[in-house]
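Beneath this line is the structure, given in structure tokens, with notes to follow.
When reading the values below, keep in mind they use all heavy atoms of this one structure, side chains included, and skip hydrogens, waters and symmetry mates. Throughout, protein chains are lettered first and strands after them, A, B, ... in sequence-line order, and every chain is numbered starting at 1. Keep in mind the model is a prediction, meaning the values are calculated, not measured.
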Amino acid sequence: MASSQKLTEYERKRLENIRRNDEMMAALKIHSKATELSASSSAKRQRVVTKSYKLSPEKKPRTQSPIVIRRSLRTRGMPPAYSDFKALDDTVEATPMAAKTLTQSNPSARDLGPLSSRDAYRGTGSDKLLMERILSVSKKPSEDFGYENGGDSIKGVCDRLELGSLSLNPENIARVVPGKIMNVRFLPCSNSKMIVVGNKFGDVGFWDVDSSMDKEDGIYLYHPHPGPISGISIQQQCLSKIFTSCYFGFIRLMDAEKEVFDLVYSSNDPIYSLSQRPYDIKCLYFSEGRGGFNIWDERVGKCSTQWNLHEDRINSIDFNSENSNIMATSSSDGTACIWDLRSVNVDQPKPLKEVRHNRAVQSAYFSPSGSSLATTSMDDTVGIVTGVNFDNTLMIKHNNQTGRWISSFRAIWGWDDSHVFIGNMKRGVDIISPAQKRTIFTLESPHMSAIPCRFDAHPYNVGMLAGATSGGQVYIWTLG
DNA sequence: TATTGTTTTATGACC
DNA sequence: GGTCATCCAAACAATA
């Protein structure tokens, strides 16, 4: 499995090198931004981003003190700005010493062991409040709203949901991390508004929206991974354990109780997606390399299952709420598949259903009721699959050409089966109605200064929708 | 068949 | 308000 796409050690070094440059640049920029901010806070163009992550300027996990100089391009004999990777490759190749220094300069995210949250923390001030907050909400069980529960059940609220009354208030905007957000997630908990995001640098950012009303901004930045975060998974019944995966082949578990990012799994192959089965906190489901799919079992401390489900990378993994043996995958091989975990043939895995697109498929998510599937593809369609055996497929046109700088769009379901949310290139959120087979509404706001490309719907608060951008911003739309 | 090159595109920092 | 650097997508064309 995974040979051509497998990263050589050489490549890993190179990419990490690039990443570190990014980080350095980001750090420098933040620094100068702080001074600029106080000088011109009343810019013409309504600067709505009041809340933003802050980097601790003298963050030195263990080794780095004045190493900023050692990292500089000049001392490494590089041009101030490199125009292509070739030059960088050559330099790294020619000076193994430099490469070695670089590797050592950031031991935290590279160590193959547990990483204390203190070492991973990159913010100013203390993260004590965050840890306490996560622990307090995880001890107080969420009220279990039944979907059909009558009264103010989720279904009841959904039935009355007016798309026009969704609004974006300036206090619900923050820059949670630097750079491109790959993943955004609400803490699945009825009594909190906590955002978790992962970016391309390997940072994991938290935004405690409720506490951000006070003088604290409620934003906390960690750096547990050396490369892009490909997945975040949090189980409702275990909120203090947050799993993250990374393109560089690592899965870590942030345990708020132990204040540590434990290393759960590591591989030489990239991990492209991560998921967990509802009500099962013992197993992790993730994709590895080119088409590989693994189930990691905590009880035995290893992968209990390794299948080759696709021809190319698996971009998403999702489980059916009605029957958690039913799983959907989407892949860059141009297909989305529905599987029954109980009957997958190791040698020739056969899906229950295959949805064919003309280009790579970025996501495939089951609807809240479990009876529909929404797929998003680079072929400029959103697929809606319905029917008892998922027999009916409907393709709805939607421009999904995000280019290179914006994370690909992934259509997600709202709080019932009636709406699907997806970003558009005009800084809006398109709302598709599967019943009407078209986009019926678009959320727009002058406060949305960038394209929202990754989303999450709050599992308990109907109408609360988080959109994340490629500039590190998060917008939270709410009802009123 | 497998690898390599080219093109596309938005964002934030900085001037 | 304009310029500049970004740089683990993806599709396609061209080459080995």
Side-chain angles (χ1 to χ4, degrees), chain A residues 2-8 10-37 39-40 43-45 47-49 52-53 73 79-89 175 177-182 198-202 225-230 245-250 269-273 289-290 311-313 315 330-334 357-363 376-380 399-410 423-428 448-454 468-473:
Chain A
S3 46
S4 59
Q5 255 197 2
K6 181 174 167 176
L7 296 168
T8 62
Y10 168 70
E11 277 177 309
R12 285 166 81 100
K13 268 194 192 134
R14 175 172 69 84
L15 289 164
E16 191 169 336
N17 201 4
I18 294 167
R19 200 263 314 147
R20 203 165 288 114
N21 278 330
D22 288 335
E23 257 201 333
M24 183 187 68
M25 293 307 288
L28 292 172
K29 279 167 186 164
I30 300 315
H31 220 65
S32 54
K33 196 183 135 216
T35 52
E36 176 221 359
L37 210 69
S40 61
K44 297 155 209 154
R45 210 189 177 204
R47 268 238 173 257
V48 283
V49 181
S52 174
Y53 68 92
L73 295 166
Y82 48 86
S83 53
D84 61 355
F85 293 148
K86 277 260 160 56
L88 192 65
D89 286 350
R175 199 176 299 281
V177 288
K180 185 199 279 185
I181 291 178
M182 321 273 298
N199 72 359
K200 66 168 180 176
F201 297 136
H225 286 286
I229 307 286
S230 52
S245 63
C246 155
Y247 276 28
F248 283 19
F250 303 110
D269 292 323
I271 294 170
Y272 290 117
S273 46
R290 204 169 167 170
E311 300 295 311
D312 211 332
R313 57 188 267 181
N315 296 309
S330 66
S331 167
S332 294
D333 69 7
H357 280 271
N358 295 320
R359 302 256 158 77
V361 188
Q362 290 298 335
S363 64
T376 307
S377 167
M378 302 304 285
D379 70 0
D380 284 344
N399 176 20
N400 297 331
Q401 301 307 306
T402 48
R404 175 183 183 151
W405 311 121
I406 309 298
S407 292
S408 56
F409 293 146
R410 295 178 170 183
N424 73 32
M425 292 302 278
K426 288 179 283 195
R427 297 177 182 171
M448 216 151 57
S449 58
I451 295 169
C453 45
R454 294 289 162 93
T469 75
S470 284
Q473 282 175 294

Using whole Å, what does the distance between atom [atom2] of nucleotide [N] and atom [atom1] of [X] come to?
| X | N | atom1 | atom2 | value |
| --- | --- | --- | --- | --- |
| A:Phe201 | B:dT11 | CZ | P | 16 Å |
| A:Asn424 | B:dT9 | CG | P | 16 Å |
| A:His225 | C:dC8 | NE2 | C1' | 16 Å |
| A:Asn400 | C:dA9 | CG | C1' | 14 Å |
| A:Arg410 | C:dA9 | CZ | C1' | 12 Å |
| A:Arg290 | C:dC8 | CZ | P | 19 Å |
| A:Lys200 | B:dG12 | NZ | P | 12 Å |
| A:Phe409 | B:dA10 | CZ | P | 10 Å |

> So, does A:Arg427 use its side chain to make a donor-acceptor pair with the main chain of A:Pro452 at under 3.5 Å?
Replying inline: no
So, does [X] get its side chain near the phosphate of [N], meaning an N or O under 4.0 Å from OP1 or OP2?
| X | N | value |
| --- | --- | --- |
| A:Arg427 | B:dT11 | yes |
| A:Lys180 | B:dG12 | no |
| A:Tyr247 | C:dA9 | yes |
| A:Gln473 | B:dT11 | no |

>> Distance check, C1' atoms only: C:dC8 and B:dA13, in whole angstrom units.
In response: 23 Å
> If you measure from CG on A:Asn424 to CG on A:Asn400, what distance do you get to the nearest 0.5 Å?
Replying inline: 10.0 Å
> Under a 4.5 Å cut-off applied to non-hydrogen side-chain atoms, are A:Pro226 and A:Phe201 in contact?
Replying inline: no
So which protein nitrogen or oxygen atoms get under 3.5 Å of nucleotides 10-12 of chain C's nitrogens or oxygens?
{"unit_1": "C:dA10", "atom_1": "OP1", "unit_2": "A:Gln362", "atom_2": "NE2", "d": "2.5"}
{"unit_1": "C:dA11", "atom_1": "OP1", "unit_2": "A:Ala360", "atom_2": "N", "d": "2.8"}
{"unit_1": "C:dC12", "atom_1": "OP1", "unit_2": "A:Arg359", "atom_2": "NH2", "d": "2.5"}

>> For A:Ser332 and A:Asn315, which I'm curious about, is there any donor-acceptor pair between the side chains at under 3.5 Å?
In response: yes
> Between A:Ser245 and A:Ser230, is any side-chain donor less than 3.5 angstrom from a side-chain acceptor?
Replying inline: yes
> Could you go step by step and tell me if A:Ser408 and A:Arg454 meet the side chain to side chain donor-acceptor pair (under 3.5 Å) rule?
Replying inline: CA-CA 8 Å; A:Ser408 56; A:Arg454 294 289 162 93; 2.8 Å; yes
>> Check this for me: A:Glu311, atom CD, are more than 12 non-hydrogen atoms of other residues, nucleotides or ligands nearer than 6.0 Å?
In response: no
> Under 5.5 Å between ring centres and under 30° between planes: does that hold for A:Trp405 against the base of B:dT11?
Replying inline: no
> Quick one: which of B:dT11, B:dT9, C:dA9 gets closest to the side chain of A:Met425?
Replying inline: B:dT9
